[in-house]
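In each ligand, atom 1 is the first atom listed, and ligand 1 is the first ligand listed. Computed from a predicted model, the values in this text were never measured in an experiment.
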Amino acid sequence: MNSLIVVSNRVPAPKQSGSQGGLAVGVMNALQKADGLWVGWNGEIDESDDVAPSHYEFDSVRFATFPLKQHDYETYYTGFSNEVLWPLFHYRPDKVEYDRQNLAGYLRVNELFADKLLPLIEDDSRIWVHDYQLIALGHFLREKDVNLPLGYFLHIPFPPWDVLRIIPEYEQLLRYLSAYDLIGLQTDIDLKNFLDCMQQGLGATLHDDNVIELNGHRFKAGAYPISIDVDEALRMAKEGEDSVTGQRLKKSLSGRPLVIGVDRLDYSKGVYKRFQAYERMLENAENLRGKVTFMQISPPSRTDVHEYAELRTTLERVAGHVNGRFAEYDWIPLRYLNRGYARESVMGFLRMSRVGFLTPLRDGMNLVAKEFVAAQNPEDPGVLIVSHLAGASRELDGALVCNPYDVDGVADMLERALTMSLEERKDRWQRMYDILRRNDIHNWSRTFMETLVSVPYSRS
Ligand code: F6P
């Protein structure tokens, strides 16, 4: 069997809980089926030169991880990945902090990843690179004579042409992407944006089946919406509900329905507006005061980026404001938890919730929305509210789909979700569950890999 090597910026530490995000969960599930190797940064800083990767095995997956130097972390990870690419690809040019030096760091570390990878590659390897931190990795692998199939999957949105070209090196980035044989995007909108950028930015020619031709070389793009392992999510949710943690949460609610949000602490997740919408609902629906609890779990993330530190302060202020305004001696309306929990506990919390409240201002997919659906009890399922700017809303047609910028609209929708009949809840949930069953994580990775090996590649 061909060996599968997955490369991503961060490799989750064994048993890590909390802030890992959708990539870690999705990729881990895909790799477990493929007896694969996962290569990437171990999340640590080390100033030594040429540190050899550490090898270990965990949950049926082999890992090879290495540290980064402080300067590389600052320029590649914080500077270019998270102060330029992240806001830009989430349609937030206002938050872009562009600095040419950081691009140099980004490229240096992408090449470093290529160097770490080379000794691990076998003649029959298939290499699958993940996310915006490693756009240039394929280009450096080609420079180092790697002629194997190279796949790339972008977990975040791909911006429209007019947004992408805000950064001076947009053409360079597009050229780097053309080094891969297959580019996977989350949704048809991202795919359309990508194809448009290739045409307008580089003058590429489009052929049938999203095959792109650039300077005589052909490669392919496609929409492959990432998903979850439905059986595993359900098993964890049941165990989580029955666990001591789950039971403690249930007891603390005193029978009140739970509204839940789970997101890394990130401005793209729309938690500020979500808090405002909850406040508006309490303002409007007096009958629900004292009768509902909203729990927002937001583990800190990218704390060295100024925007994230600022957001943390803002959310603490708004959460305090909502509670100050509406709390009673025997009721706290909003529980804002600025920390992560074990995945099993979170899955249990999702199962116990009446409403999944996920309102990102822009999101590649939002796997928590899918986990919420998978976690539900079919006899008493909760209602999913999801932003129309999250990839998940394009698949989960039984959800209440909101515009996260419309605070009044979201407030009304929350009230509707909290008062929805059991019959409607069941009907909506069943539709979403059927879709999840059809496109689960195994289907996602199988479809991507089958397409990758079928794309003709000739690089000699
Ligand atoms: O899904 C987007 C993403 O940036 C992933 O690449 C990453 O694994 C996750 O979110 C968490 O981000 P970070 O590694 O910056 O904490």
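- Y132 and F89 have their aromatic ring centers separated by at least 6.0 angstrom.
- Ligand 1 places these atoms under 4.0 Å from at least one heavy atom of Y77: 13 (P), 14 (O), 15 (O), 16 (O).
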Exercise for the section: Would you check, one step at a time, whether the test ring-ring contact (aromatic ring centres under 6.0 Å, His included) holds for Y308 with W86? Expected result: CA-CA 12 Å; Y308 289 69; W86 179 269; 7.5 Å; no
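- Note on ligand 1: H130 sits outside its first shell, no heavy atom being nearer than 4.0 Å.
- Partners of F113 under the ring-ring contact (aromatic ring centres under 6.0 Å, His included) rule, at least two apart in sequence or in another chain, are F66.
- Considering backbone and side-chain atoms together, N9 places no N or O closer than 3.5 Å to any N or O of ligand 1.
- Short contacts between ligand 1 and Y132, defined as distances under 4.0 Å to a heavy atom of the residue, involve ligand atoms 4 (O).
- With hydrogens and angles left out, the side-chain atoms of D263 and Q296 include a donor and acceptor closer than 3.5 Å.
- Proximity of I332 to T293: side-chain heavy atoms (C-beta onward) are nowhere separated by under 4.5 Å.
- Taking distance alone, with nitrogen or oxygen atoms compared against 3.5 Å, R302 approaches ligand 1 more closely than that limit.
- Near W86, meaning under 4.0 Å from one of its heavy atoms, ligand 1 places the atoms 2 (C), 4 (O).
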